[in-house]
Structure formats: structure tokens, C-alpha cells
Amino acid sequence: MIGAIEFLLDGESWTRNNGLLEQLVQQLLLTVTALVLAVLVGLPIALVLGHLGRGGLLAINISNIGRAVPTFALLAVLVRLEWPGNDPFGPYGRAGLATLLALLFFALPPIITQAYVGVREVDAGVREAARGMGMSGPQLFWRVELPLAMPLVMSGVRLALVQVWATATIAALVGGPGLGNVIQLGFANLDRRSEGIGGAILVALIALVLELLAALAQRATSPVPSAARTPNSDQMSMLPPTVKPADDPVG
Amino acid sequence: MAVTLLVAGAPAVVSATEEKCYSVDVNAWICGDYWVDRQDEIIEATTTHIQITVAAVLLGLVIAFPLALIARGVPRLESSVLGLSTAIYTVPSLALLPLLVPLTGLTKTTVVIGLGLYCLTILVRAILDGLRSVPDDIREAAVGIGYSSTRLLLRVELPLALPVMMAGLRVATVSTVALTTIGTVVSEGGLGYLIADGQSTEFNAELFAGAVLCVALALTLDLLLVLAQRLATPWRRGLTS
């Protein structure tokens, strides 16, 4: 443990070629890119489906499918397939494209599911009232449904961020970029164990910081004042929407 | 193409006339011969995988139950309990498992503890939600006919909370099956070994077997839990759920 902290405090371990700094920047870049792509692709789909009230089964079950696919296996297959994605990809490094694709695969389900549920859960009475006031479909969506769905939309993004950061760490196990390299290298060689633990500490700390930033963003974008919220509404998203007494997806 | 030895996992000597589909030259993804020839290895990896998954989920349940009861009984502690379990969940598995190594070493125990901790977020919340889904008048009726709080919990609240709790248990189990593969970094990851070995030795059939079995195992365990739930809640059978 002491060795791990010494490793983290040593400037040399950060600045050397393929050191902590390089890998950290790489992994942050991967995470941000994948998250932005997932939001750009997933959010419009989910919001439109939610507004129209269609494709609910797909939107909700997509999360369950994503959960059953092991990250490690998907990454390994993507890297083994013979396609250009395994070549170094700009600042994203070795297998950068394959990694981005896997990150996208794991980022989309929470974003789609939460945003869909968020729009669907807008109270029918509120919707009718807005219609009664003469709002058109788009107006209803932009002025009523979207603001009310924002907490859940953002919780989906938040879940995706956690998921993407975790997946980006695993990429190193299959020769990909990111801080997982420090961990893997540390556990592959007995005399570098403390470096592996140091890398794990760093990855864990950054995960917590990212989660905190995402929680703040969620708070900032929610139109409902925090006092009006139930104590749990911030975190209710940890369970998928299927976890409700009347909802049995298989039976 | 004299590269026979490059694939460490494949047999070094392959007869020229009858090449197996997992030989270096073919290196097929889907290869029946591989499943037959390596069945011992495959069965062992699958068994280990099931052991780790089941142990981790059980550990998660054992820790989650008292935590959920505390969170329910002492409302002031609820946000701390939920916050702590969420914080653990935030840490990537590839970081959490190495962080446990100084405490428990390179053993299966490390993997089981790490994955058990991961289950907490889902399980604590599911148990809490389940208990809260029991209608108040049912609870009052039970108290009214003289049930003690222990009996109320065991005979009334837990059975009625079961559907919600089982939904959480299913989620926890499926994600634990997938996460177990990461255990291969610190000690044993069951099918994760096949994936890691298949990837590093460029042995497609092995990698494919690990991946497919992992998904199949997740679906099987999920199905078993659904069946168990049916059996455990006979009063719900008539309901359209």
C-alpha cells in the first residue's frame, strides 16, 4: 500500500513515456468522446420514442441485454476481429476505435432507457393540461415533457458515465489504451504489484470525482427545486425500470 | 506459413491431412472440435464461474439484508447506506479488485468479496423498495391480530416484498456473471480465463467459448430465478404479471 502511494507521488511515474499522465489523458478523452457520441445518438432516439409512446419494450429491455454481455468479452472479440479498428486511432491509441465502439455499446442502454422512462412518466394530467392550453406536439415536448424528464435523462447520462469509465479501464486487458494498463502490468509482474495498486487507486478516485461532477450536473439541470424532491429521486435510477412489482419482463 | 507454435492454446502438432478447425491456420471462431477436445477445461472454467457468481451474490444478500433493515428502521441512516453502496458501485471493477488484494491476497476470496460489494447497490435498494411496497393496511392488520415485529417481517413483509426483491436479485446476478470475468486479473475469473487466454494467445475458439458461455450462464441463472420466484409466490400465479 505504501509502495502504491509512493508510486503515485513520484513525478517520474506520471511523466515518463506511456506513464500515468499519458494514459489518464487517453482514458479521459475516450470517456468524454464515447459519452458525447452516446448522448448525440441515444438521447434523440429515446426522447422521440418517449414522446410518441412507441418502442417502449425495446427501450426498456435494451438495458437488460447490455447487462448480460460481459464487457471483457465484447472488447476481446472486437480486438480480435480483423478490422481497421485495431490500428492506433489518433490520440486514442492502440485499438482506440474498437474501444470507442465497445464504450458506445455500454453507454447507450442507460441513456436510452432512462430518457424514455423519464418522458413516459410525465403525468398524463399534466400532458392533457398542456394540450388543453393549446400547446402543439413540439411545444408540449420542449416546454413540458423534456423539463420534467430532465432528472431521469441526466441520471441516464450519469449511469453511462460511470459505465464508460469502468469499461475504458478494462480496455487495457485486451491491449487497448487507458489506465488499465498500469493495473494490468502491475499484476502481471510480481515486483510491480504496488504500481498496479497505485493505478487502481487512481482509477477509483477519478471514478468518484466523475460521479460527483455528474451528480452536480444532474442537480443543476433539474428544473424542480431540490427541496421538492423525494429523498430517493436522485438515485432511483440505479435500478432499471423493470424493478417494479407489477413488471415481470419474462413472465 | 510455419506459425504453428504461435497459438499456445492450440495443439502444437496438427496432422497435415486432418486439420482441426481450431488449428492456427484455420483459427475458426466456432469450432465443435474445440468444445469436444477441451471439454475438461471448459467445464472447469464454467464451474468456477458459477461458484464465484453464486458465492458473491449470496455474500451480497447477507450484507444487504441487515443494511436494508437498518436503512428502513433508522431513516437518518438511509442516505448514508445508499450513498456508500452507490459509491462502491462507482469504482470500476478493474480497480476495485486490485484494491482488495492487499487485504485478501490473490485468491478467489478477493473476487467473491469484490463482486459481493458490487451487488450491494442493487440489492439494498431492491430489498428496501420491496419492503416499502407492502401496503400499510396489510401491515396494520398483521399487527392488529398480534404479530410481533419479527413475525411481521418474516411472515408478512418478506413474502409480499419478494417480487420486487427478486427483480433486484435477477439484475444483481446477471451483472455479477458478466463481472466475474474481470476476476481473472487478480486470481480467477472462471470463464474470464478463457477470454483472457483466448485473447492473448489469439485463439479464437477459446475466446468465443468464454464469451458465449458467459452470456448463456447469465440467461440460465436469470431463468432459474424467475422459476424460483414462481414457486415461492404461489399466490401470484393467477395474476397477469
Side-chain angles (χ1 to χ4, degrees), chain A residues 1 4 63-64 67-77 79-81 162-163 165-170 172-175 179-180 183-184 186-188 193 196-197 199-208 210-212 231-232 235-236 238-240 242-251, chain B residues 29 75 78-79 82-83 86-87 89-99 101-102 106 121-122 125-126 129-130 133 163-164 167-168 171 174-175 177-182 184-186 189 191-192 195-196 198-200 202 204 207-208 210-212 214-215 218-219 222-223 226 229-230 241:
Chain A
M1 216 52 179
S63 266
N64 297 338
R67 198 174 290 112
V69 176
T71 318
F72 188 21
L74 181 74
L75 273 163
V77 170
V79 168
R80 275 300 298 145
L81 289 175
V162 173
Q163 181 78 265
W165 180 256
T167 312
T169 318
I170 292 171
L173 293 191
V174 298
L179 280 169
I183 300 174
Q184 196 207 11
F187 278 82
R193 181 67 42 81
I197 295 172
I201 294 177
L202 189 62
V203 167
L205 283 179
I206 294 169
L208 293 172
L210 288 176
E211 162 76 6
L212 186 71
N232 281 323
Q235 298 180 328
M236 62 180 284
M238 267 308 182
L239 279 183
T242 43
V243 183
K244 278 177 187 162
D247 237 340
D248 189 347
V250 175
Chain B
W29 287 87
E78 187 190 316
S79 59
L82 293 179
T86 310
Y89 194 75
T90 305
V91 175
S93 49
L94 190 59
L96 185 67
L97 296 180
L99 286 179
V101 167
L106 295 176
T121 325
I122 299 165
R125 197 171 294 276
D129 287 347
S133 72
V164 180
V171 173
V174 169
S175 51
V177 171
L179 277 177
T180 301
T181 54
I182 305 299
T184 187
V185 180
V186 294
L191 296 165
I195 298 173
Q199 207 278 327
S200 61
E202 310 202 335
N204 289 343
L207 167 55
F208 184 77
V212 166
C214 220
V215 176
L219 298 179
D222 193 43
L223 192 67
V226 173
Q229 186 187 343
R230 287 267 162 93
S241 56

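Just so it is clear, the model here is predicted, and its values are computed rather than measured.
Heavy atoms of B:Ala218 lying under 4.5 Å from chain A belong exclusively to its side chain. Neither the backbone nor the side chain of B:Val177 comes within contact range of chain A; no heavy atom of the residue lies under 4.5 Å from a heavy atom of that chain. Proximity to chain B is absent for every atom of A:Thr71, based on heavy atoms less than 4.5 angstrom apart. Of the two parts of B:Leu96, neither the backbone nor the side chain holds a non-hydrogen atom closer than 4.5 Å to a non-hydrogen atom of chain A. With a 4.5 Å cut-off on non-hydrogen atoms, A:Ile183 touches chain B through its side chain but not through its backbone. At a 4.5 Å heavy-atom cutoff, B:Ser200 makes no contact with chain A through either its backbone or its side chain.
In this structure the side chain of A:Leu173 never reaches within 4.5 angstrom of the side chain of A:Leu75, judged on heavy atoms. Two residues are said to be in side-chain contact when any heavy atoms from C-beta on lie closer than 4.5 Å; B:Ser175 and B:Ile122 meet this criterion. A 4.5 Å side-chain heavy-atom check between A:Leu81 and B:Trp29 finds at least one atom pair inside the cut-off. Counting heavy atoms from C-beta on, the side chains of B:Leu99 and A:Ile201 come closer than 4.5 Å. Within the 4.5 Å cutoff, side-chain heavy atoms of B:Thr86 are placed close to those of B:Arg125.
Shown here are the salt bridge (Lys or Arg N to Asp or Glu O under 4.0 Å) partners of A:Arg80, two or more places apart in sequence or in another chain: B:Glu202. For the side chain to side chain contact (heavy atoms under 4.5 Å, CB included) test, residues two or more places apart in sequence or in another chain that qualify with A:Val79 are A:Asn86, A:Ala95, A:Ala98, A:Val174, B:Gln199.
In terms of heavy-atom pairs under 4.5 angstrom with chain A, the leader among B:Leu179, B:Leu219, B:Val186, B:Leu106 is B:Leu106. Highest contact tally toward chain A, considering only B:Ser93, B:Ala196, B:Gly130, is held by B:Ala196 [criterion: heavy-atom pairs under 4.5 Å]. With chain B as partner, the option from A:Ile197, A:Leu74, A:Leu205, A:Leu179 having the largest number of non-hydrogen pairs under 4.5 angstrom is A:Ile197.
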